[in-house]
Peer 1: 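Input: one structure, supplied below.
The sequence lines fix the lettering, A, B, ..., with proteins before strands; numbering per chain opens at 1. Note that these values count all heavy atoms, side chains included, but never hydrogens, waters or copies made by symmetry.
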4 protein chains.
Amino acid sequence: MIQLDLASTVPIYDQIKAGLRGLVAKGLLKPGDDAPSIRALASRLKVNPNTVARAYRELTMEGIFEARRGEGNVISPAAVKAARGGLEDLRQGVAEAARMARRGGVPWPDILSSLDKVRKEEP
Amino acid sequence: MIQLDLASTVPIYDQIKAGLRGLVAKGLLKPGDDAPSIRALASRLKVNPNTVARAYRELTMEGIFEARRGEGNVISPAAVKAARGGLEDLRQGVAEAARMARRGGVPWPDILSSLDKVRKEEP
Amino acid sequence: MIQLDLASTVPIYDQIKAGLRGLVAKGLLKPGDDAPSIRALASRLKVNPNTVARAYRELTMEGIFEARRGEGNVISPAAVKAARGGLEDLRQGVAEAARMARRGGVPWPDILSSLDKVRKEEP
Amino acid sequence: MIQLDLASTVPIYDQIKAGLRGLVAKGLLKPGDDAPSIRALASRLKVNPNTVARAYRELTMEGIFEARRGEGNVISPAAVKAARGGLEDLRQGVAEAARMARRGGVPWPDILSSLDKVRKEEP
DNA sequence: GTGGTCTAGACCACC
DNA sequence: GTGGTCTAGACCACG
């Protein structure tokens, strides 16, 4: 359900955070739902549990998860709203990459066409 | 002439490489021209000479510069063509950031509007 | 396992690269194996970690190593093939030295005898 | 008469020294002959006169040239014998390159075949 | 003056 | 623990 790109320079825990925020934003995870357990998710993604734990910890600090004793992590009631904040980071990531590309001499139309290719990738 | 963003997570030497590639791509540096000396550029950018040296070394390996002993760096005849490769990397950087953002649940129109803000930043 | 000649004019990081490529070429390091950590190798060779890091970075760019964040360097699946390219450079180094010597008036048999002395150096 | 390889990593002044020593060793320059003037040789080789001057200075120190006031440089009577010393450096250059190549995993027969290709290059 | 190498040591991010 | 980046400063070789 979450797609990782291990070869990418984007930190794995960031990709996990983004993936989970995305599931919330898209309504596939609703407030009150159980989040997958750290160990389960780690083994499914073939990733170090510490890495998943870090993503969960930060999502908890953002108010998207709630840690309930003995029950694991639950999607917080305020998650949908809280997820918005994370989206801003992602938008800025795109903006920074675009800025770098333009400074590096990529013509603006080429940037747009790259983007368009991404848009069509998987519907 | 080259703009650095020291707060960015993008390594300084990468920003320098992108800037120089951009100058070549835009025709402000033509094959045969002297590149600024490492020390001169370093002091202009207020950066350690080693950092500039690393950027130059990698540009040399990419075939954009030619280092001549004791004479400094010269833009290689093949620079314009070689610079194209670098542009592709930058485009892919934008594409990857966009992919991450979409996975994270950022609505596509928001991505486009972020981009548009960048477009208007500096004429 | 890697022999350095600190008095040589050949840069240390180049000697390290050659040594590691040699270990791959001889099969002592196989794809999937862990490369020694930068710090460990640096202290074993009594050399600055930065110097080893540079060698590793370049080997990564050549496709011989794969650097995984926080996990160290791993011999790439394509390492054996990629190592071939490096061997070619070394052969050309010998060829160039021989060319220089002949131009300088060294009789060809003397070149061969020098070489033969090297062959017998260490079994 | 002297062949330079400007792209080589071998210092130009070294190539010039080797070339002149070679001319002496081959008998094309005999004791008592005038050496070409620094400026003439520099312009013929399209090289900085300082570079040629350095080569001449070192050849003088080796006893191959004699600087005579107002007459320029003359091949010394002891030149033929003195040239031998320089040959030793060149032989060691080949030896060192071969050593590096072997450490880097080049099979010995490949080293020999590279050398053989050089031998056939220009008769 | 130029570029190249190396050291020392700091700080960061990641797992 | 790992690798990556950056700074500071020294020294060398070249033209």
Peer 1: Does any N or O donor sit under 3.5 Å from an N or O acceptor when you compare the side chain of Arg39(C) with the base of dG3(F)?
Peer 2: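 It does, because a donor-acceptor pair links the side chain of Arg39(C) to the base of dG3(F) below 3.5 Å.
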Peer 1: Using a cut-off of strictly less than 4.0 Å, decide whether Ser37(B) has a side-chain nitrogen or oxygen near OP1 or OP2 of dT2(E).
Peer 2: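 For dT2(E), OP1/OP2 do have a side-chain N/O of Ser37(B) under 4.0 Å.
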Peer 1: Calculate the interatomic distance between Glu58(C) atom CD and dG4(E) atom P; express it in whole Å.
Peer 2: 12 Å
Peer 1: Would you say that more than 12 heavy atoms from the other residues, nucleotides or ligands in this model lie under 6.0 Å from the CE of Met1(B), or not?
Peer 2: no
Peer 1: So which atom in Ile64(C) and which in Ala79(C) form the shortest heavy-atom distance, rounded to 0.1 Å?
Peer 2: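 Ile64(C) and Ala79(C) have their closest heavy atoms at O-CB, 3.5 Å.
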Peer 1: OP1, OP2 of dC14(F) versus side-chain N and O of Arg54(D): anything below 4.0 Å?
Peer 2: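 Yes, such a contact exists.
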Peer 1: Side chain to side chain donor-acceptor pair (under 3.5 Å) for Ser8(C) and Glu96(D)? Distances and angles first, verdict last.
Peer 2: CA-CA 8 Å; Ser8(C) 159; Glu96(D) 186 173 0; 2.4 Å; yes
Peer 1: Below 3.5 Å, does any donor atom in the side chain of Asn50(C) face an acceptor in the base of dG9(E), or the other way round?
Peer 2: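 Yes, the side chain and the base share a sub-3.5 Å donor-acceptor pair.
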Peer 1: Which sits closer to the 5' end of DNA chain E, Val10(A) or Gly70(B), going by the nucleotide each is nearest to?
Peer 2: Gly70(B)
Peer 1: Which base sits across from dT7(E) as a Watson-Crick or G-U pair, both distances under 3.5 Å?
Peer 2: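 Partner of dT7(E): dA8(F).
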Peer 1: Rounding to a whole Å, what distance do you find between Tyr56(B):OH and dT5(E):P?
Peer 2: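 Rounded to whole Å, this separation is 16 Å.
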Peer 1: Among dT7(E), dC14(E), dT5(E), which is the nearest nucleotide to the side chain of Pro11(A)?
Peer 2: dC14(E)
Peer 1: Of all the choices, dT7(E), dG3(E), dC15(E), which nucleotide is nearest to the side chain of Ala67(B) once you look at every atom?
Peer 2: dG3(E)
Peer 1: Quick check: on DNA chain E, is the nucleotide nearest Val47(C) upstream (toward 5') of the one nearest Glu71(B), or the reverse? Name the residue that is more 5'.
Peer 2: Glu71(B)
Peer 1: Which whole-number value in Å describes the distance from Glu66(B) CD to dG3(E) P?
Peer 2: 14 Å
Peer 1: What integer distance in Å separates Asp34(C):CG from dG3(F):P?
Peer 2: 10 Å
Peer 1: Whole angstrom is fine here: how far is it from CG in Leu59(B) over to C1' in dG3(E)?
Peer 2: 14 Å
Peer 1: Check whether the side chain of Asn48(B) and the base of dG9(F) form a donor-acceptor pair under 3.5 Å.
Peer 2: no
Peer 1: Met61(B) CE to dG3(E) C1': how many Å, rounded?
Peer 2: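 In whole Å, dG3(E) C1' and Met61(B) CE are 15 Å from each other.
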Peer 1: Are Leu90(A) and Arg21(A) close enough that some pair of their side-chain heavy atoms sits under 4.5 Å apart?
Peer 2: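 In contact.
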Peer 1: Does a salt bridge link Arg84(A) with Glu88(A), judged by any charged N lying under 4.0 Å from a carboxylate O?
Peer 2: no
Peer 1: Is Thr51(B) near enough to dT5(F) that one of its side-chain N or O atoms lies under 4.0 angstrom from OP1 or OP2?
Peer 2: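 Result: no.
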Peer 1: Output the rounded distance in Å from NZ (Lys46(A)) to P (dC15(E)).
Peer 2: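 So the NZ-P distance, Lys46(A) to dC15(E), works out to 17 Å.
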Peer 1: According to the Watson-Crick and G-U wobble definitions, with both distances under 3.5 Å, which nucleotide is paired to dC14(E)?
Peer 2: dG1(F)
Peer 1: Does a side-chain N or O of Tyr13(C) approach OP1 or OP2 of dC6(E) to a distance below 4.0 Å, or not?
Peer 2: no
Peer 1: What nucleotide among dC15(E), dG3(E), dT7(E) has an atom nearest to a side-chain atom of Ile38(B)?
Peer 2: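 Ranking dC15(E), dG3(E), dT7(E) by closest atom to the Ile38(B) side chain puts dG3(E) first.
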Peer 1: I'd like a table of donor-acceptor pairs (distance under 3.5 Å, sequence neighbours excluded) in which one partner is a side-chain atom from residues 40-50 of chain B, with atom names and distances.
Peer 2:
residue	atom	partner	partner atom	Å
Ser43(B)	OG	Ala40(B)	O	3.2
Asn48(B)	OD1	Asn50(B)	N	2.7

Peer 1: Could you state the CG-C1' distance from Leu45(C) to dC6(E), rounded to the nearest angstrom?
Peer 2: 14 Å
